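Data block below; observations after.
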Amino acid sequence: MKFNRILLSATLIVVALVVQVSVLARLQLPGAVPDLVLLTVIALALVHGPVTGSLVGFSAGLLADLAPPADHAAGRYALVLCVVGYLVGLARPENGRFTSAIGPMAAVFGAAVGSTLLYAGVGALVGDTAARHVGLGSLIFTAVVYDLLLAPFTVPLVMALARRAENDPVADATGAGAGDVASGWLSSGTGLRIGTQRGGLRVKAARTRATRAGRIKGVKRL
């Protein structure tokens, strides 16, 4: 991986983990904990693809396994995020551009369900039955709800930062008016960029002003 990609990915993962451990985990919400690390891995995988997604996922999961107050076997969450990062990276479009929020939100939904099931499955293999006492169905439901609510505020931002860090042509095209969810998700609410619409309105307004000016000049000549 490129140095800029490694540096940005490491910074985003550390920040996400610190916020998750120090803030989100202390909210004492029912069921699961909002997984900001998972959302960061999803966003990076959607930008860089399956290979980088799996490497970032493994590194982020291993860091989460070792960070206090982790109470499970080291490597368990690393395996989960490695698989999730790879699978989510496969959903990346060939041109790297999303014109709707449906794709990223579907990836968040699938990752939230899959990571919870895989984490519980690996725990069952190593003798950790904590999920049985809490209720696997409740964990899946709350994980999906929390992650979907948090995703619009994190995933597009991380995707935009990842592209800017590498001078991605998709990011440049997005700034010029091409449709992409990373820049238009929050502003439009639908994932569709409205820059082209604004540009069209500006052209129409300019034409209207020119027409009016022509009419005024014609009246003065008369």
Side-chain angles (χ1 to χ4, degrees), residues 1-21 24-25 32-94 96 98 103-126 128 131 139-140 143-144 146-148 150-163 165-166 168 181-182:
M1 292 194 296
K2 297 180 180 179
F3 176 77
N4 289 344
R5 186 183 303 182
I6 296 175
L7 181 61
L8 179 65
S9 299
T11 302
L12 292 174
I13 290 299
V14 170
V15 171
L17 182 60
V18 170
V19 173
Q20 181 170 320
V21 173
L24 299 179
V33 175
D35 201 336
L36 189 58
V37 175
L38 174 65
L39 295 177
T40 304
V41 172
I42 291 173
L44 293 173
L46 289 176
V47 173
H48 299 307
V51 176
T52 300
S54 61
L55 294 175
V56 171
F58 178 82
S59 302
L62 186 60
L63 187 62
D65 287 331
L66 300 177
D71 57 353
H72 54 268
R76 180 177 171 184
Y77 201 46
L79 174 62
V80 172
L81 289 188
C82 179
V83 174
V84 170
Y86 181 82
L87 295 178
V88 171
L90 294 176
R92 177 181 182 270
E94 293 183 0
F98 291 92
M105 290 299 280
V108 172
F109 176 84
V113 175
S115 62
T116 305
L117 289 174
L118 185 57
Y119 186 83
V122 175
L125 293 177
V126 298
D128 185 357
L139 284 176
I140 294 176
V144 170
Y146 297 153
D147 291 345
L148 287 178
L150 192 59
F153 305 99
T154 55
V155 174
L157 176 61
V158 173
M159 291 174 65
L161 289 175
R163 286 171 178 161
E166 294 192 346
D168 195 319
V181 68

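Excluded from the calculations below are hydrogen atoms, water molecules and symmetry mates; all remaining heavy atoms, backbone and side chain alike, are included. Because the structure is a prediction, the values reported are computed rather than measured.
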Strictly distance-based, threshold 3.5 Å: is any side-chain N or O of Arg76 a donor or acceptor partner for the main-chain N or O of Tyr119?
yes
Of all heavy-atom pairs linking Ala151 and Pro156, the shortest is O-CD, 3.3 Å
On a heavy-atom basis, the closest approach of Ala162 and Val47 is CB-CG1, 4.0 Å
Quick one: list whatever passes side-chain hydrogen bond (donor to acceptor under 3.5 Å, both in side chains) with Asp35, sequence neighbours left out.
Tyr77
At their closest point, which heavy atom of Ala43 faces which heavy atom of Met159, and how far apart are they?
O-CG, 3.7 Å
Val41 to Gly85 - nearest heavy-atom pair and separation:
CG1-CA, 4.0 Å
Which residues pass the side-chain contact (heavy atoms from CB on, under 4.5 Å) test with Phe58, not counting sequence neighbours?
Leu62, Ala78, Cys82
Single hit among Leu17, Leu7, Val158 for side chain to side chain contact (heavy atoms under 4.5 Å, CB included) with Leu12:
Val158
For Gly53 and Ala45, which heavy atoms make the closest approach, and how far apart are they?
CA-CB, 3.8 Å
For Phe109 and Val113, run side chain to side chain contact (heavy atoms under 4.5 Å, CB included): C-alpha distance rounded to whole Å, both residues' side-chain angles, the deciding distance at 0.1 Å, then the answer.
CA-CA 6 Å; Phe109 176 84; Val113 175; 4.2 Å; yes
Rounded to the nearest 0.5 Å, what separates atom CG in Leu87 from atom OG in Ser115?
11.0 Å
So, for Arg92 and Gly49, which heavy atoms are closest and what is the spacing to 0.1 Å?
CD-N, 3.6 Å
Test side chain to side chain contact (heavy atoms under 4.5 Å, CB included) applied to Ile42 and Asp147, step by step
CA-CA 11 Å; Ile42 291 173; Asp147 291 345; over 6 Å; no
Is the shortest heavy-atom distance from the side chain of Thr52 to the side chain of Leu44 under 4.5 Å?
no
Calculate, to the nearest 0.5 Å, the distance between atoms CD1 and CG belonging to Ile13 and Leu8 respectively.
9.5 Å
Under the side-chain contact (heavy atoms from CB on, under 4.5 Å) rule, collect the residues that match up with Ala16, sequence neighbours excluded.
Leu36, Val37, Thr40
Are Pro104 and Leu46 packed together at the side-chain level, in the sense that at least one heavy-atom pair is separated by less than 4.5 angstrom?
yes
Check Leu38, Leu39, Val144, Thr154 against Val108 for a side chain to side chain contact (heavy atoms under 4.5 Å, CB included) and give me the one that passes.
Leu39
